[in-house]
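Input: a single structure, listed below in structure tokens.
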Amino acid sequence: MPDRAPQPVDRQLPTDEARDLISLVRDVAQHEIAPRAAEEEDEGRFPRELFTRLSGLGLLGLPYDAEYGGGDQPYEVYLQVLEELATARLTVGLGVSVHTLACYALAAFGAKEQQAEHLNAMIDGGLLGAYCLSEPASGSDAASLRTKAVRDGGDWVITGTKAWITHGGVADFYTVMARTGAEGPRGITAFLVPGDAEGVSAAVPEKKMGMKGSPTAQVHFDGVRVPDTRRIGEEGQGFAIALSALDGGRLGIAACAVGLAQAALDEALRYATERRQFGKPIADFQGLRFMLADMATQIEAGRALYLAAARLRDAGRPFAKQAAMAKLHCTDTAMRVTTDAVQILGGYGYTADFPAERYMREAKVLQIVEGTNQIQRMVIARHLAGPETR
């Protein structure tokens, strides 16, 4: 029987440096991430030492300037690195995406002095970041957040609770959106808060359906004092910074979703070419072949969509609509593909002896994080038809 085992994704990369980078990431993914993924996810173990290793390899700051320890890579390349990492283990790919998101506010809106003081350590100093926007009572309606920052001389005192924070309790720094002014989006300011600052604490991590190895927790700020030199951007600019960050973050989620879907397709194809029924591999049956063809087509379409949005971003052109489209399509694709992978494996797909059921559980959260897919549809519609009539 001819070899029909899954093959690495054939990528179109802009430079030899990018090709070498992808080769490095695949090696790390194959030998250091994938072999431990099932066991660590089952035990709910976060691979903190792995993120230190990725930092040492320069993989935690790929889209940022080399001046501050970044990789000077375009988003087109960075996102494909995320995809490769997520194919090996979603906790790792998503973790790198969240860390990159947490660095964005300072990298894009911080003063030169702030960047010189903090950014190198954040990008390649072995630190891990978290992004704090959502709260228990303000998720999709982020502009109604209640965490407050009050001036006290040359400091700010931050009080409130953030919710659904990836890396909550294990992060070395938090990018925090807090209210410094009136109600609504114009009263929000961004701050860079050390993870070990007095008054910062985390609740017990949430017990989740999937991604059990990635800690998600409420983070409490109980009178946390930070100097004004840790305010990022102007007072009242925080919500605009948050939305700008989320445009790039949604592309990160899209790339991770494609990586997870690719892992599910690879597992389904591996099983279908080995499993024999009625004297031949089940991959020879037309109904199943059509399922595999549809899965592969949806994945390729998602990859093309997130890369098209990334190239717009790299060219300095507007990409918010395309980022929302990519997040919507790629995460819906991940849900469909992982569900189909379970179906192809049959009874085995429903057991923890194979990774398909884990992929399906993990896919669901991607339709929720960094803006639910219903919110993505609202964003896309506003770009097409304008704001809703009040």
Side-chain angles (χ1 to χ4, degrees), residues 63 75-76 79 94 97-98 100-102 104-105 108-109 131-147 162-164 166 175 177-179 181-190 232-234 236-258 298 301-336 363-390:
Y75 246 63
E76 174 188 3
L79 293 178
L94 189 71
S97 179
V98 167
T100 304
L101 177 68
Y104 173 82
F109 293 90
Y131 180 79
C132 297
L133 176 62
S134 293
E135 296 182 2
S138 63
S140 295
D141 184 15
S144 67
L145 64 84
R146 289 288 179 263
T147 295
K162 295 296 182 177
W164 311 111
T166 300
T175 296
M177 305 300 161
R179 186 163 302 285
E183 296 296 313
R186 295 180 182 176
I188 297 170
T189 302
I232 303 172
E234 302 297 328
Q237 193 181 9
F239 194 68
I241 292 173
L243 294 185
S244 179
L246 286 175
D247 285 338
R250 285 165 181 163
L251 291 182
I253 298 300
C256 287
V258 170
Q298 291 163 12
R303 184 175 293 121
L305 188 55
Y306 87 63
L307 286 173
R311 288 168 185 140
L312 287 175
R313 187 188 193 281
D314 290 335
R317 296 173 58 188
F319 70 100
K321 178 182 72 174
Q322 289 79 5
M325 289 177 169
K327 199 274 184 183
L328 169 64
H329 175 84
C330 293
T331 59
D332 281 353
T333 289
M335 195 72 247
R336 285 193 300 269
K364 185 60 204 175
V365 76
L366 299 178
Q367 295 178 303
I368 299 170
V369 296
E370 294 196 28
T372 67
N373 283 5
Q374 287 70 32
I375 291 293
Q376 304 313 312
R377 289 177 170 90
M378 290 173 61
V379 171
I380 296 163
R382 285 171 184 164
H383 280 279
L384 296 174
E388 298 89 338
T389 302
R390 297 294 181 184

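Computed from a predicted structure; not experimentally measured.
No donor-acceptor pair under 3.5 Å is formed between the side chain of Arg311 and the backbone N or O of Tyr75. Remark: side-chain polar atoms of Thr333 are paired, donor with acceptor, to backbone N or O of His329 under 3.5 angstrom. Of the possible donor and acceptor atoms, none in the side chain of Arg313 sits under 3.5 Å from a partner among the backbone N and O of Gly316. The backbone N or O of Leu312 sits nowhere less than 3.5 Å from a side-chain atom of Gln322 that would complete a donor-acceptor pair. Between the side chain of Tyr131 and the backbone N or O of Ala242, at least one donor-acceptor pair lies under 3.5 Å. For Asn373 (side chain) and Thr331 (main-chain N/O), no donor-acceptor pair under 3.5 Å exists by modelled atom type. Of the possible donor and acceptor atoms, none in the side chain of Lys162 sits under 3.5 Å from a partner among the backbone N and O of Ser134.
Expressed to the nearest 0.5 Å, how far CZ of Phe239 lies from CZ of Arg186 amounts to 11.5 Å. For the atom pair Leu251 CG and Leu101 CG, the distance stands at 11.5 Å (nearest 0.5 Å). Between the CE atom of Met335 and the CG atom of Leu366 there is a distance of 9.5 Å, given to the nearest 0.5 Å. Separation of atoms CD1 (Ile380) and CD1 (Ile375) is listed at 11.5 Å; rounding is to 0.5 Å. Atoms CH2 and CG, from Trp164 and Leu133 in turn, are 14.5 Å apart once rounded to the nearest 0.5 Å.
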Worked verdict on Glu183 versus Arg146 for salt bridge (Lys or Arg N to Asp or Glu O under 4.0 Å): CA-CA 9 Å; Glu183 296 296 313; Arg146 289 288 179 263; 3.0 Å; yes
Residue pair Glu370, Arg250: steps toward the salt bridge (Lys or Arg N to Asp or Glu O under 4.0 Å) verdict: CA-CA 6 Å; Glu370 294 196 28; Arg250 285 165 181 163; over 6 Å; no
Pair Asp141-Ser144, side chain to side chain donor-acceptor pair (under 3.5 Å): steps then yes or no: CA-CA 6 Å; Asp141 184 15; Ser144 67; 3.2 Å; yes
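Side-chain contact between Arg179 and Leu145: present, with at least one pair of heavy atoms (C-beta onward) separated by less than 4.5 Å. Within the 4.5 Å cutoff, the side chain of Arg382 has heavy atoms near those of the Glu388 side chain.
Taking every heavy atom of both residues into account, Lys327 and Gln376 meet most closely at CD-CG, 3.9 Å. Glu135 and Ala163 make their closest contact through C-CB, 3.6 Å (heavy atoms, listed as atom of the first residue, atom of the second, distance). In terms of heavy atoms, Ala102 sits closest to Thr175 at O-OG1, 2.6 Å. What you find for Ser97 and Ile253 is that their closest heavy atoms are OG-N, 4.2 Å. Nearest heavy-atom pair, Gly233 versus Ile241, reported as atom, atom and distance to 0.1 Å: CA-CD1, 4.4 Å. Here the closest non-hydrogen pair linking Ala254 and Cys330 is O-CB, 3.5 Å.
No hydrogens or angles considered: nothing links the side chains of Asp247 and Ser244 as a donor-acceptor pair under 3.5 Å. Between the side chains of Gln237 and Thr189, no donor N or O sits under 3.5 Å from an acceptor N or O.
We find that Asp332 and Arg377 are joined by a salt bridge, their nearest charged nitrogen and carboxylate oxygen being less than 4.0 Å apart.
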